[in-house]
Amino acid sequence: MRHVSPVFYTKMSILRLSIFAGVLALTSLHADSSAEQKVLEEIKSPGLSVVHLWAPWCSNCQAELKTGGWLKTIKDNPQVRFCFVSIWNDGGDGRAMLKKFQIADQPNVTIVADPGPRRGENKTKQFTGLPVSWIPTTWIYKGGDLRYALNYGEIRFPVLQQFLQDSQSEWSHKGEASIE
């Protein structure tokens with residue numbers, strides 16, 4: 001049997017502690033703000049949750065609101081939780097604009113604001129552990145699991161409705177033939 005030096009065990013212990021500290025740091029990055037914490041609570045609930053990253057100044061986001069698609073989708077899916085996260089808006093939540101389009105007062109809607117600045121190096125580049133490089137961005141979760149991530153541009157509401165329906169399924173391919 002080979003002898004292992006005590007120095008080896010010390011180095012391994014330091015490595016384990018470093019890895020643990022790194023994982024702990026990464027975990028804390030996922031909930032840097034109260035907005036992220038609120039969204040994480042929403043998406044972990046059973047059922048479907050839609051997280052929509054937007055800003056009132058964004059012309060693409062405004063175009064989505066003007067079509068009435070968000071209001072219709074929210075009303076047609078009362079069992080789904082919708083979380084509108086105003087991002088890159090210097091901490092403003094955009095509630096006034098959502099109120100104008102009758103979204104703010106819907107019972108299945110939560111409105112939060114990311115405190116990050118709109119521009120520059122400190123602009124939010126990640127939210128709840130997912131990259132953010134464009135708005136609007138829309139994510140669909142089921143019981144905490146990400147089902148769809150629409151990261152670049154305006155949503156087509158019939159597509160969103162289809163994704164909500166698809167997300168209700170169990171997505172199991174048990175018993176199907178393998179392609180190998």
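Remember, it's a predicted structure, so these values are computed and weren't measured experimentally.
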Report task. Look at the side chain of Glu64 and the backbone N and O of Ile155, then say whether any donor-acceptor pair between them is shorter than 3.5 Å. Result -> yes

Report summary line: For Lys99, the salt bridge (Lys or Arg N to Asp or Glu O under 4.0 Å) test, sequence neighbours excluded, returns Asp105

Query - Asp114 versus Thr124, side-chain donor and acceptor atoms under 3.5 Å - result: yes

Query raised in the report: Can you check whether Gln79's main-chain N or O pairs, donor with acceptor, with Asn77's side chain at less than 3.5 Å?
Result: no

Query raised in the report: Does the side chain of Ile74 reach to within under 4.5 Å of the side chain of Phe84, using non-hydrogen atoms?
Result: yes

Query raised in the report: For Pro56, does its backbone N or O pair with a side-chain atom of Gln62 as donor and acceptor, under 3.5 Å?
Result: yes

Requested in this report: Using a 4.5 Å cut-off on heavy atoms from C-beta on, say whether the side chain of Phe163 contacts that of Val159.
Outcome: yes

Requested in this report: Check whether any side-chain heavy atom of Val132 lies under 4.5 Å from a side-chain heavy atom of Gln126, and answer yes or no.
Outcome: no

Query raised in the report: Ser133: what forms a side-chain hydrogen bond (donor to acceptor under 3.5 Å, both in side chains) with it, not counting sequence neighbours?
Result: Tyr152

Query raised in the report: Would a 4.5 Å heavy-atom cut-off, applied to side chains only, mark Trp139 and Val39 as touching?
Result: no

Query raised in the report: Would you say Gln162 and Tyr148 make side-chain contact, with heavy atoms under 4.5 Å?
Result: no

**Report entry** Greater than 12 external heavy atoms within 6.0 Å of Lys123's NZ
**Finding:** yes

Query - Donor-acceptor pair, side chain of Glu36 and main chain of Ser33, under 3.5 angstrom - result: yes

Query raised in the report: For the side-chain contact (heavy atoms from CB on, under 4.5 Å) test, which of Leu48, Thr110, Asn108 pairs with Phe82?
Result: Asn108

Query raised in the report: Between Thr137 and Val51, is any pair of side-chain heavy atoms under 4.5 Å apart?
Result: no

Query - Given Val50, Val80, Ile43, the one that forms side-chain contact (heavy atoms from CB on, under 4.5 Å) with Ile140 - result: Val50

Query raised in the report: Are Trp88 and Arg119 close enough that some pair of their side-chain heavy atoms sits under 4.5 Å apart?
Result: no

Query raised in the report: Is a side-chain N or O of Arg81 found less than 3.5 angstrom from the main chain of Ser49, in a donor-acceptor match?
Result: no

Report task. Find out whether Arg95 and Leu98 are in side-chain contact, i.e. whether some heavy atom of one side chain is under 4.5 Å from a heavy atom of the other. Result -> no

Query raised in the report: Does the side chain of Thr73 pick up a donor-acceptor pair with the side chain of Asp76 at under 3.5 Å?
Result: no

